[in-house]
Amino acid sequence: MVHLLAVAGITVCLGLGVAGLVVAAADGGTTLIWSRRLLDGWMIAGSLLTVGWVLLQHRADQSGDMSASLQDLARVVTDILVLGLLVALRFGLTSEERTAVTVAAAALVVLTAGDVLRVLLPAPGTWCGIPLAATCSATGLFLVTATPWLPGGASVFEVQRTMPVIGVVAAFVPVVVCAMAMAAHALAGGHTDMVMVVLAGSVLLGLSARQGIAHADHLRLTREAAAREALYRTLVDGSCDVITIVSLEGSVAYVSPAVYPVFGYRPEKLVGTRVPLYCHPDDLAPLMQAVEALRQEAESGTRGPGRCVSCRVRAADGRWLHIESTISHHTEGMIFSSRDVTERVALQAQLEHLAFHDALTGLPNRALFAGRVAHALRKGMIGTNPPAVLFVDLDGFKAVNDSAGHAVGDALLVQAARRLQASVRAGDTVARLGGDEFAALLEGEAGTHPSRARDVAERVLAALTNPYRIGGTDAVVSASIGIASAVPGISPDELLHQADEAMYEAKAAGKGRIRMRHPYPRHLYGEPSPEACSSVLPCAD
């Protein structure tokens, strides 16, 4: 009873094992891969069956008991089938999943060796007192017990398996085994029967079918790769960004067709050139720093984030274009994704200019002028030449603007701005504060020597008083000018306020005049000191 139960248990376990291997081999792949695995399993099993049948023939020739040999061979057949599936399955696994399958295959090899020894060796089949068949069976069962606990023993085959090169070469091994077994059998004087021919022929047919399936699978992969390449090429060629692939040595390997409408260069003319390519010398350092950082990451095996670099690149027509590039890692080195941002940079510069300049005259506005006054005062604290500020207001402008119209008034303001700029040095700042009010920041010796500032004010007054020729008519205005020279500790707001007060004193004195103040810093509570009130110096008209 125990013997029958053991045989039944072994049969059920072997059946479940074969079914599980078939499911595992068929899972996670296409129909072609599934068919190829089954053919690989049959080729291995068929070649081993051919060898087993040759051994059986020799056993039958020696003992004449074919029925007993067939009973022993039945166990070998099951082991061979399972072993064939295991070997075929191992070629489709990743390296992390092969340990358990390899041990399972080794266990089947040991079990099969024990069964083969039972066929070949006469009873009791011992060597030096050791039962060889029993030892092999015990070792095989131990390996089977350890298999589930090894890496990959509980893996779920969910991804599509691919056949490595060794799997392709190994497909010819079963045919070689069959040929060698039949040749050895023929040389030993054995008779080649129908079973042997059918088994060997089935292995050869399996190889032919397997090679056909492998070729069909290769064509499928080739078509899929071509479709993906066509898709990516369409995306790259249709992109407005210029895609450039550069090797780690800095040589350009590929440039997308977008380089022609953007830069005016033909893509084939740029292949083989080296980076930096037509880059502005002033922007070369940050570009090469980003390239060198990615090169070091690639050599060390790390993959950091891409770098964004802005630089100027010379186009084919000689223009300098502002380019924004994202540099990332690529299998062949680095990939540059570049776009022309010249219009955006120009618009940004225009917006910044409008934010700090007067739209009518193009002069700096009040905000920019105040910033330059503060900067000049900081320089004056370090050096020995404090600045001076002129406040200018056009007398009679309102009458011209009301009688002749705003267009004439705007033209007069533009001419007045040009005359004011021409009356000061190139390093001085002239600004329009609003309406008909202008200001000038005089640096150098103007603050140290008030007579220098007065000379500039007289030139400005003379230039602004001359008639303005506008549309065939002459417009005449005058100007009231206030001057304030900086002193240690004065703030920008206080200096501007003192110049403004001096300008209003010039207006109050009869217009067309110049007034100068030597201001002192305000006290902590914002009230002027007695010295400031007595420091208003009237100037000759």
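Quick caveat, the model's predicted, so the values are computed rather than measured. Just so you know, these numbers use all the heavy atoms, side chains as well, and skip hydrogens, waters and symmetry mates. Each residue takes its place number in the sequence, starting with 1.
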Inset, instruction - Quick one: which residue pairs count as a ring-ring contact (aromatic ring centres under 6.0 Å, His included) with a foot in residues 288-326, not counting sequence neighbours? - result: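 Residue pairs passing ring-ring contact (aromatic ring centres under 6.0 Å, His included), neighbours aside: H280-W320.
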
Inset, instruction - Give every residue pair that meets the ring-ring contact (aromatic ring centres under 6.0 Å, His included) criterion with at least one member in residues 391-420, sequence neighbours excluded. - result: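 Found none.
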
Is the closest side-chain heavy-atom distance between [X] and [Y] below 4.5 Å?
| X | Y | answer |
| --- | --- | --- |
| E437 | R366 | yes |
| F336 | L287 | yes |
| I470 | L412 | yes |
| L394 | F438 | yes |
| L461 | I514 | yes |
| V460 | I481 | yes |

Atom [atom1] in [X], atom [atom2] in [Y]: separation rounded to 0.5 Å?
| X | Y | atom1 | atom2 | value |
| --- | --- | --- | --- | --- |
| L442 | S485 | CG | OG | 8.5 Å |
| H497 | I490 | NE2 | CD1 | 10.0 Å |
| I335 | L294 | CD1 | CG | 11.5 Å |
| D436 | N401 | CG | CG | 9.0 Å |
| T342 | L347 | OG1 | CG | 12.5 Å |
| T244 | L270 | OG1 | CG | 8.0 Å |

Counting N and O atoms only, with roles assigned by atom type, does the side chain of [X] sit under 3.5 Å from a partner on the main chain of [Y], one being a donor and the other an acceptor?
| X | Y | result |
| --- | --- | --- |
| S256 | I243 | yes |
| D410 | L413 | no |
| S251 | S247 | no |
| R517 | R515 | no |

Inset, instruction - Report the C-alpha separation of S478 and K511 in whole Å, then their side-chain angles, then the decisive distance to 0.1 Å, and conclude whether the side chain to side chain contact (heavy atoms under 4.5 Å, CB included) test is met. - result: CA-CA 8 Å; S478 182; K511 300 181 180 180; 5.8 Å; no

What pairs of residues pass the salt bridge (Lys or Arg N to Asp or Glu O under 4.0 Å) test when at least one of them lies in [range], not counting sequence neighbours?
| range | value |
| --- | --- |
| residues 336-347 | D241-R339, E324-R339, E324-R344 |
| residues 476-492 | none |
| residues 390-400 | D393-K507, D395-K507, K398-D402 |
| residues 474-490 | R469-D474 |

Which donor-acceptor pairs under 3.5 Å do the side chains of residues 420-427 make with protein atoms, sequence neighbours left out?
residue	atom	partner	partner atom	Å
S423	OG	R419	O	2.8
R425	NH2	D428	OD1	3.4
R425	NH2	E443	O	2.6

Legend entry - Partners meeting side-chain hydrogen bond (donor to acceptor under 3.5 Å, both in side chains) with E292 (sequence neighbours left out):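 Residues passing side-chain hydrogen bond (donor to acceptor under 3.5 Å, both in side chains) with E292: R295, Q296.
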
Legend entry - Those residues that, when tested against E352, pass salt bridge (charged side-chain N to carboxylate O under 4.0 Å, His left out) (two or more places apart):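 Here no residue qualifies.
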
Inset, instruction - With sequence neighbours excluded, tell me which residues meet salt bridge (charged side-chain N to carboxylate O under 4.0 Å, His left out) with R372. - result: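 Checked R372 against salt bridge (charged side-chain N to carboxylate O under 4.0 Å, His left out); zero matches.
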
Inset, instruction - Give the C-alpha distance, both sets of side-chain angles, the deciding distance and a yes or no for side chain to side chain contact (heavy atoms under 4.5 Å, CB included) between L496 and F369. - result: CA-CA 10 Å; L496 295 175; F369 185 76; 3.6 Å; yes

Inset, instruction - Please step through side chain to side chain contact (heavy atoms under 4.5 Å, CB included) for the pair F263 and V242, ending with a clear verdict. - result: CA-CA 9 Å; F263 296 106; V242 179; 3.8 Å; yes

Mind listing the closest non-hydrogen atom pair of [X] and [Y] along with its distance?
| X | Y | answer |
| --- | --- | --- |
| L377 | P387 | CD2-CG, 3.9 Å |
| A431 | N365 | CB-O, 4.2 Å |
| R307 | P305 | NH1-O, 3.0 Å |
| R454 | I483 | CA-CD1, 4.1 Å |
| G306 | S328 | CA-OG, 4.1 Å |
| M288 | P276 | SD-CD, 3.8 Å |

Legend entry - Contact list for residues 263-277, test side-chain hydrogen bond (donor to acceptor under 3.5 Å, both in side chains), sequence neighbours left out: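 Listed once each, the pairs would be none.
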
Listed pairs under 3.5 Å, donor-acceptor, residues 353-362 side chains, sequence neighbours left out:
residue	atom	partner	partner atom	Å
H353	ND1	H357	ND1	3.2
H357	ND1	H353	O	2.9
D358	OD1	R432	NH1	3.2
D358	OD2	L360	N	3.4
D358	OD2	T361	N	2.9
D358	OD2	T361	OG1	2.7
D358	OD2	R432	NH1	3.1
T361	OG1	L363	N	3.3

Inset, instruction - Using the side chain to side chain contact (heavy atoms under 4.5 Å, CB included) rule, take V291 and M334 through it: C-alpha gap first, then chi angles, then the decisive distance, then the call. - result: CA-CA 8 Å; V291 171; M334 294 167 284; 3.7 Å; yes

